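A quick note: this is a predicted structure, and the numbers were derived from the prediction, not measured. First the proteins, then the strands, lettered A, B, ... as listed; each starts at 1.
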Amino acid sequence: MDYNFRELEPRWQNQWRQQGVYHVDNNSTKPHFYVLDMFPYPSGAGLHVGHPLGYIASDIYARYKRLRGYNVLHPMGYDAYGLPAEQYAIQTGQHPAVTTEKNIARYREQLDKIGFSYDWDREVRTCDPHYYKWTQWTFIQLFHHYYDTEQDKARPISELVSKLQNGSWTEGLVKPWNEMTEHEQQDYLMNYRLAYLADIPVNWCPQLGTVLANDEVVNGLSVRGGYPVERKLMRQWSLRITAYAQRLVDGLDTVDWTDSLKEIQRNWIGRSEGAAVWFPVADSNEELRFEIFTTRPDTIFGVTFMVLCPEHEMIECIVSEAQREEVMQYVSWAKNRSERERQAEVKKVSGVFTGAYAINPLTHERIPIYVSDYVLAGYGTGAIMAVPAHDSRDFAFARHFGLPIRQVVAPSVDEISDPATWDESLDSKTGVSVNSDFITGMKVRDAMRAVIDRVEQMGIGHRTVNYRLRDAIFSRQRYWGEPFPIYYKDNIPYTLPEDCLPLLLPEVSDFKPTATGEPPLGHATQWAWDEKNRKVVDNSLIDGISVFPLELSTMPGFAGSSGYYLRYMDPRNEEAYFSQQAVNYWQNVDLYIGGAEHGTGHLIYARFWNKFLFDLGLSVKQEPFQKLINQGMIQGRSNFVYRSKEDNNLFISKNIAGREEKTVAIHVDINIVDNDILDIEKFRQWRPEFADARFELEDGKYVCGWEIEKMSKSMFNVQNPDDRVERYGADTLRLYEMFLGPVEQAKPWDTKGIEGVFRFLRKFWKLYRVEDGGCQLNDQTPSKAELKTLHQTIKKVTDDIERFSFNTSVSAFMVCCNELTAANTASRQVLEPLVVLLAPFAPHIAEELWHQLGHDTSVCTAQWPAYDETCLVEDTFTYPVSFNGKMRFTIDLPSSASADDALQAIRALPEGKKWLGDATPKKVIFVPKKIVNIVL
RNA sequence: GCGGAUAUGGCGUAAUUGGUAGCCGCGCUAGACUUAGGAUCUAGUUCUUAACCGAGUGGGGGUUCGAGUCCCCCUAUCCGCACCA
């Protein structure tokens, strides 16, 4: 019987489904293990071969762990809310739910063909009300909690209110709590809630009609669609993720992630230590002062001017009449600049003098105050002390405006020079303070400490830590997302009662913003909250007494993906996000596989979400994802033809002399190219404009160029997994994707390479001599060599899986198969364990052979074979013999041989190999089972 | 500019973690079987060479009996951040 993958793969997939082989229970005495894939956004384009790479790796690991006796949670679901379905809805009128449903069905079909071992009973979809009920629920909890910096955890906001009532908390209060109106109280609490409403500068994308989070904007353009983004002040919901900044940094030390990803997160959070210092404004009657943040307090004696960001609220009060117009002009110019313009002109210095002066609190000097957009509103306090001698940006600004530059740090006390002669500032933190009063002569580190101490003593500043991380903007002016469980009474937001969740996404007549510029939910007619009857009612009933408007924006994509891994533990629970029993059993994700592009988005938000739920006592681990692997992209290998610049119908073969100057490269469909040789006839048929193409050939062939690029339709280099499964089978696809190279690495898809893996599987199949009566294997005791091959393979494959080196395990199978084929092995004792070994990689063929071998239970329930050390022990070992480190020949020695034995054996060698002769070596290096090196 | 990573045959990669560099696969070459081959099988394939010898893991230095592997300095490529005070 031949290896008929087309028949056996669907047959086993059905069988597995019917028998529920992959069903996972939360009750088990087995050890638990949780293997998770980043769930996909079901896009209209379907999967290409790059998507399943991580899924295959995790499936192999999950199957392996099962075979080793673990109860393995390995679920899958869909991140189903998102912009593309909504954009499509705006264009076509098709409801996003319909598009999404259709795409999910297509994804599922594609996934099923690859033979994954997911427990589909646990599937979650972020757009499913049973699921987003808990996203909304979490939002309500965030709203009702604040971050207690003393306990260093989230606490109910009611605790803060009690403190306010009894007067033990007065921070920022202008009058006693009890004398404040409801409005004032709510405004005050907004400054503490973990989910809060505030006017903040946001990334507004006019084309998408919505705001975007920082990680959704790259180079001033939206990640989705690539549209320009501008900064705008808007009233938005935000999550106070910055409250968790320190814990997010600290947690990185406890997880098993790559250093590069941890570093990406550390950079994104951007912790920096420094000082906050108050600078008074000179000549101000009201004792105006403003706060700055600096990481270099030691340079305070070098301050020659101050700079405020254009958004700074104090500009109004301090600007002199003479400068007012110029300053206001600059401020409005700076505010209206698009993000893209601003980023493109980073090097260009701009700014304006306010006419006001500040007083350096340590030197009592008057220093001019400027406004410039090189100071950012969102970082620190939006105001800086400028030290041009020791900060490159201040240096550029000072040079541009002819401001003084004063050196206060030098490599050593006698290396002071005239800053007028400098080409750049001296930013290094090494050296000593100079010209700096009481810190002169101190090392930078000590000087920093001394200045902060002094400033704290004087009560004009303090030691502090700043983070680059910003709070996460949580509103989107879109339709296809989770509705906020929020209604507005007298403009004050209130949460819906928890038992009224989920708040269902309403139907709308139009998916575009309303004529008045409100989000699409503004079109909904059923979108008011009846407080008394606790239900959603018609907008026309809004009376401001018991019926109120509901929030019109929806939550962003990361809302639903921030807690989904917890929901998988107990996905059908209607009473809770997940039961404590479930989370106590599964704990957290042991292995998480997905793309590195989520490093500053999902992976930060999910960690924050988890830590918040941890503070609530719901999740039981501080970190959600213990080990994380970023799978690399699979790139496409594009082919090119070269069209003559003079003659549009002429195509010149790649290696013809002078081709490069005469031609332009154009992408050609990889399906009409074989081994870089173009199929000329197919090319002519491919597109009408090529029908009359003529060619300049080499050796009678047209040779195409190639390049490794991203896999994309426009480059005609997309490999579709369905086609590969159709042609070679799921097992071949699975093995090949692993064989390609390390999971973490980006690597190109080589169209031909898959043949080799396919050949291996057929060869492997042949090894089992499958006839009508099953595998025709014998029960003879295998030879020593056969046993060695088997146990070597078990050892290698086991070790490789443990270190996630799947490409080398596949190679090990190939070597094993080659050896056993050469030895013509038919021993059941050898071949049976190999089936189990192959099962995680190629489950279908393994299952088929397992049954052909006479088993009637699934290979998924078999036991992982153990290797026998004794089979690996050699009687003799072939030593490489080196002289002075140079390898000369090999010699067979007993495994137990010593250095003396080796030396004796080498002396006894025949004439041709008498390297040593009678000479006495200076030294003999003998490493058992490694090498003999003789130093003469 | 800052941070992180990577560099090995024509190509994807491997190397028991300091011990014979190039496993496995693709491609290529030759042969066999075939009416045929984009099927299958066999042999070869780092470079140089008829062969031996020799050279060889981006470049340069160092540690070591011995370096792809460890240390220092360059170079190139990829990724992340980017006026973050």
Please check if the distance between the ring centroids of Tyr370(A) and Phe397(A) is under 6.0 Å.
yes

In whole angstrom, what separates Phe889(A)'s CZ from U20(B)'s P?
16 Å

Please check if atom NZ in Lys929(A) has more than 12 non-hydrogen atoms from other residues, nucleotides or ligands closer than 6.0 Å.
yes

Regarding Asp259(A), tell me which of base, sugar-phosphate or nothing describes its non-hydrogen contacts under 4.0 Å with the strands shown.
nothing

Whole-Å distance between U17(B) C1' and Lys796(A) NZ?
12 Å

Base, sugar-phosphate or nothing for Gly753(A)? Non-hydrogen atoms, less than 4.0 Å.
sugar-phosphate

Under a plain distance cut-off of 3.5 Å, with no hydrogens placed, do Asn818(A) and Lys763(A) share a side-chain donor-acceptor pair?
yes

What residues from residues 797-811 of chain A pass a heavy-atom cutoff of under 4.0 Å to RNA chain B?
Arg803(A), Asn807(A), Thr808(A), Ser811(A)

Residue-phosphate contact under 4.0 Å: Lys747(A) side-chain N/O, G12(B) OP1/OP2:
no

Could you check whether Ile384(A) gets within reach of a base, just the sugar-phosphate, or nothing at all, counting any heavy atom under 4.0 Å?
base

When both hydrogen-bonding distances must be under 3.5 Å and the geometry is Watson-Crick or G-U wobble, what is G12(B) paired with, if anything?
C24(B)

Measure from CG on Leu53(A) to C1' on G12(B) and round the result to the nearest Å.
14 Å

Once hydrogens and angles are ignored, does a donor-acceptor distance under 3.5 Å link the base of C65(B) to the side chain of Asn933(A)?
yes

Could you check whether Ser811(A) and Thr808(A), counting side-chain N and O atoms only, form a donor-acceptor pair closer than 3.5 Å?
no

Let me know, please, whether Tyr467(A) or Pro880(A) comes out on the 5' side of the other along RNA chain B by nearest nucleotide.
Pro880(A)

Considering the options Phe760(A), Phe5(A), Tyr3(A), which one meets the ring-ring contact (aromatic ring centres under 6.0 Å, His included) requirement together with Trp765(A)?
Tyr3(A)

With under 30° as parallel and over 60° as perpendicular, where do the rings of Phe877(A) and Tyr879(A) fit, or are they tilted in between?
perpendicular

Taking atom P in both C2(B) and A21(B), compute the distance separating them and give it to the nearest angstrom.
39 Å

Classified by glycosidic angle (syn within 90° of 0, else anti), U17(B) comes out syn

Work out how far the C1' atom of G9(B) is from that of U46(B), and round it to whole angstrom.
5 Å

Can you tell me which nucleotide in A85(B), G25(B), C26(B) comes closest to the side chain of Phe293(A)?
A85(B)

Where the side chain of Ser272(A) is concerned, which of G80(B), C24(B), A85(B) is the nearest nucleotide?
A85(B)

Please check if any side-chain donor atom of Gln792(A) sits under 3.5 Å from a side-chain acceptor atom of Tyr867(A), or the reverse.
no

Complementary nucleotide of G37(B), counting Watson-Crick and G-U pairs under 3.5 Å
none

With a 4.0 Å cutoff (strictly under), does any side-chain N or O of Arg637(A) reach OP1 or OP2 of C11(B)?
no

With a 4.0 Å cut-off on heavy atoms, is Val815(A) in touch with a base, just the backbone sugar-phosphate, or nothing at all?
sugar-phosphate

Side-chain donor-acceptor pair present, Asp892(A), Thr876(A), cut-off under 3.5 Å:
no

From the candidates A85(B), G3(B), C24(B), the one with an atom nearest any side-chain atom of Glu263(A) is G3(B)

Quick one about Tyr605(A) and Asp215(A) (side-chain donor to acceptor, distance below 3.5 Å, no hydrogens or angles considered), yes or no?
yes

Could you check which of G3(B), G12(B), A85(B) has an atom nearest any side-chain atom of Phe739(A)?
G12(B)

Glu291(A) and Thr381(A): side chain donor to acceptor below 3.5 Å
no

Whole-Å distance between A85(B) P and Ile369(A) CD1?
22 Å

Nucleotide of A85(B), U20(B), C83(B) approaching Asp373(A) most closely (side-chain heavy atoms)
C83(B)

So what does Glu755(A) hit on the nucleic acid, given a heavy-atom distance under 4.0 Å: a base, only sugar-phosphate, or nothing?
nothing

P spacing across the pair A67(B) / G61(B), given as an integer number of angstrom:
14 Å

Under a 3.5 Å distance rule, please check whether His400(A) uses its side chain to pair with a backbone N or O of Ser350(A) as donor and acceptor.
no

What distance, rounded to whole Å, do you find between the two P atoms, one in C78(B) and one in C71(B)?
25 Å

For atom P, what is the distance between C26(B) and G44(B), given to the nearest Å?
15 Å

Contact class for Ile264(A) vs. all strands (heavy atom < 4.0 Å): base, sugar-phosphate, or nothing?
sugar-phosphate

U45(B) versus G22(B) - spacing of their C1' atoms, nearest Å:
12 Å

Under a 3.5 Å limit for both distances, which nucleotide forms a Watson-Crick or G-U wobble pair with G68(B), could you say?
none

Where the side chain of Arg888(A) is defined as all heavy atoms beyond and including C-beta, which of G12(B), C65(B), G54(B) is the nearest nucleotide?
G54(B)

Which residue lies toward the 5' end of RNA chain B, Gly756(A) or Gly885(A), if each is placed at its nearest nucleotide?
Gly756(A)

Can you tell me, in whole Å, how much space there is between the C1' of U29(B) and that of C74(B)?
40 Å

CZ of Phe813(A) versus C1' of A14(B): gap in Å, rounded?
17 Å

Given the P atoms of G12(B) and C47(B), what is the spacing between them in whole Å?
16 Å

Does Val375(A) reach a base, just sugar-phosphate, or nothing at all? Heavy atoms under 4.0 Å.
base

Which nucleotide wins on minimum distance to the side chain of Met887(A), given the candidates G19(B), A85(B), U20(B)?
U20(B)

Per atom distances to the Thr890(A) side chain, the nearest of C65(B), G54(B), U20(B) is U20(B)

Where does G9(B) land, syn or anti, given syn is within 90° of 0?
syn

For atom CZ of Arg759(A) and atom P of U42(B), their distance in whole Å
11 Å

From the options C65(B), G4(B), G27(B), select the nucleotide whose nearest atom is closest to the side chain of Ser260(A).
G4(B)

Strictly by modelled atom types, are Asn466(A) and Ser272(A) linked by a side-chain donor-acceptor pair under 3.5 Å?
no

Counterpart base for A51(B), defined by Watson-Crick or G-U wobble contacts under 3.5 Å
none

For Lys262(A) and G4(B), what is the distance between atoms NZ and C1' respectively, to the nearest whole Å?
14 Å

Please determine, for G80(B), whether a Watson-Crick or G-U wobble partner exists with both distances under 3.5 Å, and give it or none.
C2(B)

By the Watson-Crick or G-U definition, both distances under 3.5 Å, A43(B) is matched with U29(B)

Given atom NE2 of His598(A) and atom C1' of C79(B), what is their separation to the nearest angstrom?
16 Å

In terms of side-chain heavy atoms of Lys886(A), which of A55(B), G12(B), G4(B) is nearest?
A55(B)

